[in-house]
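Have a look at the structure below, then the notes.
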Amino acid sequence: MNNSKTKYNNSSWRMSEALLRLLDEKPLDNITIKELCGEAGVNRSTFYAHYGSIEDILEETRTGIVENFIKDVRKKAQDGVEDDILTAYLELIRKHRNFYKVHMETTSPLAFTDMFKERVTKRLEDVEKAEGVDLDGNRLEYMARYHLVGIYAVIKKWVDSGCEESVDYIHGIIHECTIGD
């Protein structure tokens, strides 16, 4: 990797970390580029060379958090560790709740819950087979979206209330609503 790419990655990481710290102190609208750069120890010229706004850092931070989460889940799966992805994701959200509060205000429910789409669809197909119901692909898609937006709504309410309830409690609600035990 060349030197400029390494410097960019280092600056990017420092700005993401600074943004997460600042979001623990104040709303996104009250964070200035000058403040973000100062917190990160990065020149404003470096910021403007790579970004147009704080929202760009917000998106890059979200992408990094989700990619690292997925990488970690895949590594555990390769190592034979069966983690509950929903529980792990809820723990991640709780850890970065202030970031996710901002993120959920700027992201569509379906984009936010996209990582669960395959699992929800598979569960609906299993129910379809068990109950002898024939769902065409279009109907299955509508039902999956219904469940995904419900998952989003539960998580959003939890984040908006400061993640006061336990991860297990929220996991239980989502499980009951989507699987119906």
Side-chain angles (χ1 to χ4, degrees), residues 7-74 83-120 144-175 177-178:
K7 284 182 183 179
Y8 167 75
N9 287 339
N10 185 36
S11 297
S12 172
W13 178 83
R14 291 193 339 233
M15 284 192 278
S16 289
E17 290 293 314
L19 179 62
L20 292 173
R21 285 191 302 275
L22 290 169
L23 284 171
D24 284 341
E25 298 171 12
K26 60 176 81 178
L28 182 67
D29 292 344
N30 294 347
I31 298 172
T32 65
I33 291 171
K34 180 179 179 180
E35 182 179 30
L36 177 63
C37 291
E39 180 75 19
V42 173
N43 290 323
R44 284 177 35 196
S45 60
T46 301
F47 176 89
Y48 287 113
H50 300 287
Y51 306 102
S53 68
I54 289 179
E55 287 75 13
D56 294 341
I57 294 285
L58 183 73
E59 179 56 27
E60 185 171 274
T61 301
R62 182 206 64 81
T63 300
I65 288 172
V66 171
E67 284 176 356
N68 286 336
F69 171 76
I70 291 170
K71 206 181 306 180
D72 185 46
V73 167
R74 285 185 179 145
D83 262 3
D84 178 355
I85 291 176
L86 179 57
T87 297
Y89 196 53
L90 291 172
E91 288 168 351
L92 178 74
I93 290 169
R94 176 178 244 172
K95 178 180 176 184
H96 298 295
R97 64 182 153 267
N98 294 318
F99 167 78
Y100 274 96
K101 185 171 184 160
V102 172
H103 173 55
M104 292 180 88
E105 290 168 0
T106 60
T107 305
S108 79
L110 292 175
F112 182 81
T113 57
D114 192 48
M115 73 172 62
F116 299 109
K117 182 178 181 185
E118 185 177 318
R119 288 176 179 260
V120 168
R145 285 177 181 251
Y146 172 83
H147 284 284
L148 290 168
V149 172
I151 291 169
Y152 172 86
V154 169
I155 293 172
K156 180 143 179 30
K157 181 182 181 335
W158 184 54
V159 168
D160 287 346
S161 70
C163 298
E164 292 176 2
E165 296 87 358
S166 72
V167 166
D168 288 339
Y169 181 80
I170 299 302
H171 183 281
I173 290 171
I174 292 171
H175 184 78
C177 291
T178 56

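Heavy-atom basis, side chains included; hydrogens, waters and symmetry copies ignored.
With rounding to the nearest 0.5 Å, the separation of CG in Leu23 from NZ in Lys101 is 11.5 Å. Once rounded to the nearest 0.5 Å, the distance linking CG of Leu20 with CD1 of Ile57 reads 10.5 Å. Atom CE in Met104 sits 14.0 Å away from atom CZ in Arg97 (nearest 0.5 Å). Rounding to the nearest 0.5 angstrom, the gap separating the CG atom in Leu90 from the CD1 atom in Ile170 is 7.5 Å. We find the CD-OH distance between Glu164 and Tyr169 to be 11.5 Å, quoted to the nearest 0.5 Å. Distance check: Ile151 CD1 to Ile174 CD1 gives 6.0 Å after rounding to the nearest 0.5 Å.
If you check the side chains of Glu60 and Ser12, you find a donor sitting under 3.5 Å from an acceptor.
Taking 4.0 Å as the cut-off between side-chain N and carboxylate O, Glu59 and Arg62 count as a salt-bridged pair.
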inquiry  = For a side-chain contact (heavy atoms from CB on, under 4.5 Å) check, start with the C-alpha distance between Thr106 and Glu55, then their side-chain angles and the critical distance, and finish with the verdict.
reply    = CA-CA 9 Å; Thr106 60; Glu55 287 75 13; over 6 Å; no
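Between Tyr100 and His103, the ring planes are perpendicular. Angles over 60° get that label, and only those under 30° would be called parallel. Below 30°, between 30° and 60°, or above 60°: for Phe47 and Tyr51 the angle between ring planes is between 30° and 60°, a tilted geometry.
Taking the side chain as every heavy atom from C-beta outward, Lys71 and Glu67 never approach each other to under 4.5 Å. Put simply, the side chain of Leu58 reaches to within 4.5 Å of the side chain of Phe99, judged on heavy atoms. Between Met15 and Thr61 the shortest side-chain heavy-atom distance does not fall below 4.5 Å. Two residues are said to be in side-chain contact when any heavy atoms from C-beta on lie closer than 4.5 Å; Asn30 and Leu22 fail this criterion. Using a 4.5 Å cut-off on side-chain heavy atoms (C-beta onward), Lys157 and Asp160 make no contact.
The minimum heavy-atom distance linking Ala18 with Glu39 is given by the pair CB-CG, 3.5 Å.
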